[in-house]
Amino acid sequence: MRIQFWGVRGSIPAPGPETNRYGGNTSCVSVRSVAGDLIIIDMGTGLMHLGNSLLTTEFGKGHGKATILLSHAHWDHIQGLGFFAPVFIPGNHFVLRGQGKSSSMLEGILEGQMDPNFSPLYTLKNLGASFDVRAVVPGEPFMAGGMRVTARSNPHGSSTALAFRLEEDGRSFVYASDAGYPDSGPSPEVLALYRGAHVLLHDTTYIPADQATRRNRGFSSYEQAADAAIAAGAGRLVTFHYDQDYTDTDVDALRDACRAYLDDHGGQHIDLIAAAEGMQLEV
Amino acid sequence: MKVKFWGVRGSIPVPGESTNRYGGNTSCVEIRPRGGWPIIIDAGTGIRRLGKSLMEGAFGDGHGTAHVLISHTHWDHIQGMPFFSPLYRRGNKLHVFARQQADTHLQAVFASQTEDPYFPVPLVALEAEIQFHELVEGSQFVIDQTVVSCTRLNHPWVAMAYRLDCDGASVVYCSDTAPFTDILLEHEFISKPPTPGAAMPTSMADKLAAMRAGLVALCRGTDLLIYDTQFTVDEYRQRPHWGHSTPEDALIIAREAGARSLCLYHHAPMRTDEAQDAILLATRWTAKQAGDPFEVIAAFEGLELTLGDDQ
């Protein structure tokens with residue numbers, strides 16, 4: 001499978017020359033299966049640019065199908081939906097899976113974004129594409145785009161966010177953004193989800209000094225990410241969801257410090273990559 | 001007074017190299033009367049950096065007061081509010097003004113922006129004191145030494161233009177609006193452009209004419225007219241039902257109202273810096289050909305203008 005990063009920033013888009021290299025768009029990652037099927041993970045502002053790139057494919061003709069996995073409904077993970085060009089083309093179809101007590105409640109959350117006070121779109125039903133919105137049951141695998149997907153719930157401040165594991169032909173990719181673990185670290189179920197992942201994309205919103213003063217926000221520093229990668233025996237760790245105030249130089253430093261931390265804690269063999277907009281990764 | 005632009009983009013923030021010069025943050029303008037508290041128009045993502053700069057002064061000690069005039073509550077005009085640092089400091093005061101449809105209170109609209117599951121910090125948990133003030137079009141009120149007037153614009157749901165008079169000068173903020181020719185947007189959802197050449201009902205034409213007259217009156221003789229010019233003429237023809245204008249529309253209003261300068265604003269998200277340069281040059285050329293006496297500029301992040309006797 002092939003991964004591409006369209007938005008790697010947390011909380012709010014951060015435009016400006018100081019974020020040009022890593023990018024200022026909020027969370028969005030695409031995964032293409034070997035057969036070419038598309039899974040999109042999270043719908044931050046990066047989704048607009050993914051959508052524009054899809055217009056030259058079957059999505060431009062209204063024959064596109066994709067699965068969207070939604071970690072949670074905080075703004076920085078859904079704010080790109082109304083600007084995702086393929087949703088305005090009748091015939092395209094999206095299966096959206098995320099957390100919710102029921103599928104109708106999840107759909108209601110997406111509808112809330114398009115409330116007429118906030119958006120001229122009014123409702124999902126005004127988009128040309130069709131949507132099949134389904135709540136995910138954590139721990140129960142399902143098939144999407146020819147890939148086997150399993151979700152588990154992580155604590156995220158006063159709320160929760162889903163982590164996803166995607167598997168195809170014995171290769172595995174885990175997406176774990178917005179994870180705020182207790183001092184004891186990830187739960188056994190979550191660690192099992194991460195176990196042996198070829199690529200573990202993990203929330204590294206903060207450096208430890210910033211995380212220490214903002215524990216209640218429910219994000220990881222690179223230390224929790226590195227600890228999780230080491231405990232799970234991941235092959236490669238990808239840093240992701242950088243704080244909106246971090247410049248490219250700050251993210252360089254975060255990556256270097258994460259590398260040093262891995263080396264000092266038994267993770268010398270783990271490859272480390274700092275996610276940047278536009279970057280592609282073969283799993 | 002000083003006018004400073006913190007976000008000039010429409011629809012959605014657009015980080016990246018192609019927007020470095022004009023900036024990728026959504027709508028936010030700070031008006032600073034001489035010796036007074038800031039009056040902020042719109043709370044797009046640009047308000048995040050404004051908030052940081054305010055925290056270096058009285059707002060950092062919890063002694064600040066700000067007035068925020070919201071043109072309308074579409075995301076690109078309010079999405080920065082939860083990231084406005086002064087809200088998280090006890091003692092600061094914020095007054096939020098907007099026109100609201102009759103069926104929902106303004107406070108409820110802002111409360112739902114940060115409710116679970118959309119944002120982790122609800123409105124009631126903010127440290128600052130926030131008061132909401134609902135406006136009707138045509139109302140006039142005073143903020144310290146500044147007189148604020150407003151009128152309704154042609155945009156889906158509702159949007160207001162504001163005029164601020166103080167320090168012997170004035171500025172008008174007119175975003176977002178469609179021209180007052182092809183379609184009346186009001187509050188219904190419109191999925192398609194109107195049929196070309198279709199006759200407009202008289203009642204609609206009358207409402208549009210009244211709306212336009214209200215805007216021209218608001219802009220009369222203003223020192224600076226900030227205007228939604230998101231579309232090119234071709235883009236407008238494709239999407240007249242989206243509620244945005246072209247530089248040509250802005251020139252006509254500025255000319256008729258005798259504005260002393262025109263500022264292009266609310267740039268389209270996919271407009272590169274080079275494309276925006278070209279639009280500015282073309283608009284200046286059109287104004288020159290027409291013999292317009294006013295200056296035309298294009299807003300960019302960080303642009304600061306001084307108006308009136310605040311020298």
Side-chain angles (χ1 to χ4, degrees), chain A residues 7 9 11-26 45-49 52 72-80 82-83 88 98-100 105-106 109 112-123 126-128 156-161 216-218 244-245 277-278, chain B residues 7 9 11-26 45-46 48-49 52 72-80 82-83 100-101 103-104 106 108-110 112-122 155-158 176 185 187-191 241-243 269-270 301:
Chain A
R9 191 66 53 175
S11 301
I12 185 169
E18 70 283 0
T19 62
N20 278 172
R21 278 193 293 119
Y22 288 98
N25 281 297
T26 47
T45 56
L47 184 68
M48 175 168 77
H49 304 277
N52 293 342
H72 64 307
H74 279 166
W75 288 123
D76 52 327
H77 296 258
I78 64 171
Q79 64 196 160
F83 301 91
F88 298 102
Q99 60 180 7
M105 285 177 80
L106 176 57
I109 289 163
Q113 180 182 200
M114 299 188 184
D115 179 285
N117 283 299
F118 298 126
S119 161
L121 300 173
Y122 278 44
T123 161
N126 282 328
L127 307 178
H156 176 40
S158 57
S159 167
T160 59
N216 60 336
R217 297 194 191 174
Q244 63 270 20
D245 287 331
E277 257 175 55
Chain B
R9 198 63 58 171
S11 301
I12 183 170
V14 275
E17 282 179 14
S18 64
T19 61
N20 275 348
R21 279 193 291 115
Y22 285 94
N25 282 298
T26 48
T45 58
R48 182 168 72 91
R49 288 221 177 92
K52 283 178 184 297
H72 63 308
T73 55
H74 281 165
W75 284 124
D76 52 329
H77 296 257
I78 62 165
Q79 64 197 156
F83 298 89
Q100 187 50 37
Q101 295 288 15
D103 60 347
T104 321
L106 185 62
V109 174
F110 275 89
S112 72
Q113 182 187 13
T114 49
E115 271 167 7
D116 184 64
Y118 299 116
F119 195 76
V121 187
H155 194 66
W157 203 240
V158 63
D176 301 355
L185 294 155
H187 56 264
E188 69 278 18
F189 171 74
I190 298 169
S191 61
H241 57 307
W242 281 26
M270 298 310 287
E301 263 176 50

Distance from B:Ile190 atom CD1 to A:Tyr122 atom OH, nearest 0.5 Å?
-> 8.0 Å

For the residue pair A:Asn117 and B:Gln101, confirm or rule out a side-chain donor-acceptor distance under 3.5 Å.
-> no

Chain B shares the most heavy-atom pairs under 4.5 Å, among A:Pro13, A:Pro17, A:Pro116, A:Gly157, with A:Pro116

Examine whether an atom of B:Arg48 lies under 4.5 Å from a heavy atom of chain A, and if so say whether it belongs to the side chain, the backbone or both; otherwise answer neither.
-> side chain

Would you mind checking which part of A:Leu121 comes under 4.5 Å of any heavy atom in chain B, side chain (CB onward), backbone (N, CA, C, O), both or neither?
-> backbone

Nearest-0.5 Å distance that lies between atom OG1 in A:Thr45 and atom CD in B:Gln79 | 9.0 Å

Heavy-atom distance under 4.5 Å to chain B: side chain of A:Asn52, backbone, both or neither?
-> side chain

Could you tell me the separation between the OG atom of A:Ser119 and the CH2 atom of B:Trp157, rounded to the nearest 0.5 Å?
-> 11.5 Å

Contacting moiety of B:Thr73, where chain A heavy atoms sit under 4.5 Å = both

For A:Arg21, which residues count as a salt bridge (Lys or Arg N to Asp or Glu O under 4.0 Å) partner, sequence neighbours excluded?
-> A:Asp252

Here the gap from A:Leu127 atom CG to B:Ser191 atom OG, rounded to the nearest 0.5 Å, amounts to 11.5 Å

Could you check if a side-chain atom of A:His74 sits within less than 4.5 angstrom of a side-chain atom of B:Pro120, using non-hydrogen atoms only?
-> yes

Below 4.5 Å from any heavy atom of chain A, which atoms of B:Pro15 appear? Answer side chain, backbone, both or neither.
-> both

Minimum heavy-atom distance between A:Gly16 and B:Asn20, given as atom pair plus value | C-OD1, 3.7 Å

The interface call for A:His156 against chain B, heavy-atom contacts under 4.5 Å, is neither

Looking at A:Gly7, A:Gly80, A:Gly24, which makes the most heavy-atom pairs under 4.5 Å with chain B?
-> A:Gly24

Heavy-atom closest pair, residues B:Val109 and A:Phe118 = O-CZ, 3.3 Å

Residue part contacting chain A, namely of B:Phe83, when any heavy atom lies under 4.5 Å | side chain

Step by step, work out the side chain to side chain contact (heavy atoms under 4.5 Å, CB included) result for A:Met48 and B:Ile12.
-> CA-CA 9 Å; A:Met48 175 168 77; B:Ile12 183 170; 3.7 Å; yes

Check each atom of A:Gln99 against the heavy atoms of chain B and say whether the ones under 4.5 Å are side chain, backbone, both or neither.
-> neither

Do B:Arg49 and A:Asp245 meet the salt-bridge criterion of a basic N to acidic O distance under 4.0 Å?
-> no

Name the region of B:Thr26, side chain, backbone, both or neither, that has any atom closer than 4.5 Å to a heavy atom of chain A.
-> neither

Measure the CH2-CD distance between B:Trp75 and A:Gln79 for me, rounded to the nearest 0.5 Å.
-> 9.5 Å

Pair count under 4.5 Å, heavy atoms only, with chain B: among A:Asp115, A:Thr123, A:Asn126, A:Asn216, highest is A:Asn126

Within the side chain of A:Trp75, is there an N or O that forms a donor-acceptor pair under 3.5 Å with the backbone of B:Thr114?
-> no

Relative to chain B, which segment of A:Phe83 carries a heavy atom at a distance below 4.5 Å: side chain, backbone, both, or neither?
-> side chain

Note: vs chain B, highest number of non-hydrogen pairs under 4.5 angstrom among A:Glu277, A:Gln244, A:Arg9, A:His72 is A:Gln244

Which of B:Glu301, B:Met270, B:His241 touches chain A most, by non-hydrogen pairs under 4.5 Å | B:Met270

Mind checking what makes salt bridge (Lys or Arg N to Asp or Glu O under 4.0 Å) contact with B:Asp116, not counting sequence neighbours?
-> none

Given that the side chain runs from C-beta out, which part of B:Glu115 has a heavy atom under 4.5 Å from chain A: side chain, backbone, both or neither?
-> neither

